[in-house]
Amino acid sequence: MSESASAPVIAKGLAGIYSDTSRVSKVFDDTNTLTYFGYPVQELAEHCRFEEVAYLLWHGELPTAEQLKKFEQQERSERDITDKMLTVLKQFRKDAHPMDTLRTAISFLGVEDAEWEDASPAGNLQKSIRMLAKIPTIIAADFRLRSGKEPIAPRKELTMAQNFFFMYFGEVPDEKVVRCFDASLTFYAEHGFNASTFTARTVTSSLSDIYSAVTAAIGSLKGPLHGGANEAVMHMLLDIGTPENAQSWIDEALSEKKKLVMGFGHRVYKNGDSRVPYMTKYFHEMAAIKDGQKWVEIEKILEKTMVEKKNIHPNLDYPVGPAYYLMGFDIPVFTPIFVMSRITGWTAHIMEQLENNKLMRPLSVYNGVPQRTVQPLESRKAA
Ligand code: COA
């Protein structure tokens, strides 16, 4: 490809670049508010169960009571995983990261689906519901196998949030804990052209299948700059250990050049993210129920210092990490739980991409060696 006459503009990390339109969600810069199909996410978290939000992201409207019942019947009927899938999960190293096992399991789900090529809107919606229903079962079974325990089969009479606790711990906790978890799923469900969603849309743009797109998206979400931050936040809080250590820890971190404080900063929100105060409220509720006040104290010291000294605000992973920890989840399972929710946003975008597809193919500015001639092997010298 020839170089253009005018110097090309490079947008590192595609920052500030609009690559398409999308009706799924919007961030309002002035209020730092996120809406899904026009509904502020905090209102959805307050008034709706996660299943209603999943329906909204796929249909563009909240369900009626009757529509929700039908949708939930469908989701609940898809929760079981096959014996072959269980056999696959049993092959994994016990210390394999659950994001790697989940990525492999979704890839295997694609192999199990004889109709993987059906990319019609109805076909992709059915596959999306299947992944929504089976991902919690896969995560819980994988966790239990890793811990030397027998997997627990899903139960149809439970909501998605309740059923996940049941499959993971063998019991459903207090309703307040379930509410907090359910709200976190709603907050995590969708967020525009973030790295993993853009990855899913990029894979889809070559007309590859939905399982391939989701497998790739899981790989993208795993990184600590993206979804992996919720795990990194908890490792950081554990490293700090006590409220007494927090101030000196953050002062030292800020004195180190380029040291990242996990759970802070965002590509889009530069003045704070409106989901954070709502999720923080739930985290504080968990701390009150589960005797976790010390994490609240550490959280407050870090946030105050980051805002005062750097004007960098916390992102959603900051309250979610300790909230999941207090619920009793294993830290490496935090990002797979994010997948359990974001599968809705990813698949909504995959279906939207296919409605008006164009292959993603950006350009790069070449900065390598000038053109040269290949030397025959016998006369080549080491560089
Ligand atoms: N801790 C310390 N400094 C941070 C920071 C953090 N968490 N986030 C941003 N900064 C600093 C950067 O070092 C940079 O400083 P500089 O101008 O002196 O180089 C400045 O703030 C601007 O940051 P930038 O890297 O341009 O922001 P970005 O939009 O590219 O990055 C993130 C956004 C999310 C990748 C970044 O904030 C980050 O790595 N956060 C920690 C990981 C995390 O929580 N990820 C979850 C995101 S939802």
Side-chain angles (χ1 to χ4, degrees), residues 10-19 25-27 29 32-34 36 41-42 99 184-200 217-240 246-280 283 295 298-325 331-332 334-342 345-346:
I10 297 175
K12 285 280 276 185
L14 301 181
I17 299 291
Y18 293 89
S19 71
S25 67
K26 176 173 164 64
V27 170
D29 292 335
N32 302 312
T33 307
L34 170 66
Y36 301 165
V41 65
Q42 59 272 16
M99 280 298 271
S184 78
L185 297 180
T186 292
F187 288 130
Y188 264 152
E190 157 60 13
H191 209 186
F193 280 22
N194 57 82
S196 57
T197 302
F198 192 65
T199 300
I218 293 174
S220 168
L221 190 76
K222 181 186 171 193
L225 296 190
H226 192 10
N230 60 10
E231 295 176 34
V233 165
M234 200 57 225
H235 288 301
M236 175 184 78
L237 296 179
L238 286 167
D239 185 37
I240 296 168
Q247 193 61 55
S248 56
W249 189 95
I250 186 74
D251 289 343
E252 204 181 312
L254 293 184
S255 69
E256 274 179 52
K257 216 169 175 249
K258 297 283 170 202
K259 164 116 180 162
L260 286 176
V261 182
M262 301 315 282
F264 285 86
H266 201 278
R267 174 60 62 76
V268 178
Y269 301 110
K270 297 298 180 194
N271 296 309
D273 166 350
S274 68
R275 294 170 301 174
V276 172
Y278 292 90
M279 192 60 221
T280 302
F283 156 44
W295 305 118
I298 300 175
E299 170 242 340
K300 286 184 174 161
I301 294 167
L302 264 50
E303 176 172 348
K304 187 167 182 290
T305 309
M306 284 298 282
V307 174
E308 274 177 12
K309 292 202 174 161
K310 301 271 287 186
N311 195 26
I312 299 178
H313 294 259
N315 57 54
L316 183 58
D317 295 309
Y318 192 55
V320 166
Y324 285 174
Y325 183 76
I331 297 174
F334 293 4
T335 320
I337 294 173
F338 194 159
V339 173
M340 184 175 149
S341 158
R342 186 57 64 85
W346 286 338

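Each ligand, and each atom within it, is numbered from 1 in the order the structure gives. What you see is a predicted model, and the numbers here were worked out from it, not measured in a lab.
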| message | With a 4.0 Å heavy-atom cut-off, what residues sit around ligand 1? | response | P224, L225, H226, A229, K258, K259, L260, V261, M262, G263, F264, G265, H266, R267, K270, M306, I312, N315, D317
| note | ring pair (Phe, Tyr, Trp, His ring centres under 6.0 Å) with H191: of Y269, W346, Y36, only one passes, and it is Y269
| message | Please verify the inter-ring angle class for Y278 with F187; under 30° counts as parallel, over 60° as perpendicular, anything in between as tilted. | response | tilted
| message | Between L238 and I331, is there a side-chain heavy-atom distance shorter than 4.5 Å? | response | yes
| query | Do the non-hydrogen side-chain atoms of E190 and V41 ever get within less than 4.5 Å of each other? | reply | no
| message | Students often mix this up, so state it plainly: with edges at 30° and 60°, are the rings of F338 and Y188 parallel, tilted or perpendicular? | response | parallel
| Heavy-atom pair of closest approach, residues A253 and K259 | O-CB, 3.5 Å
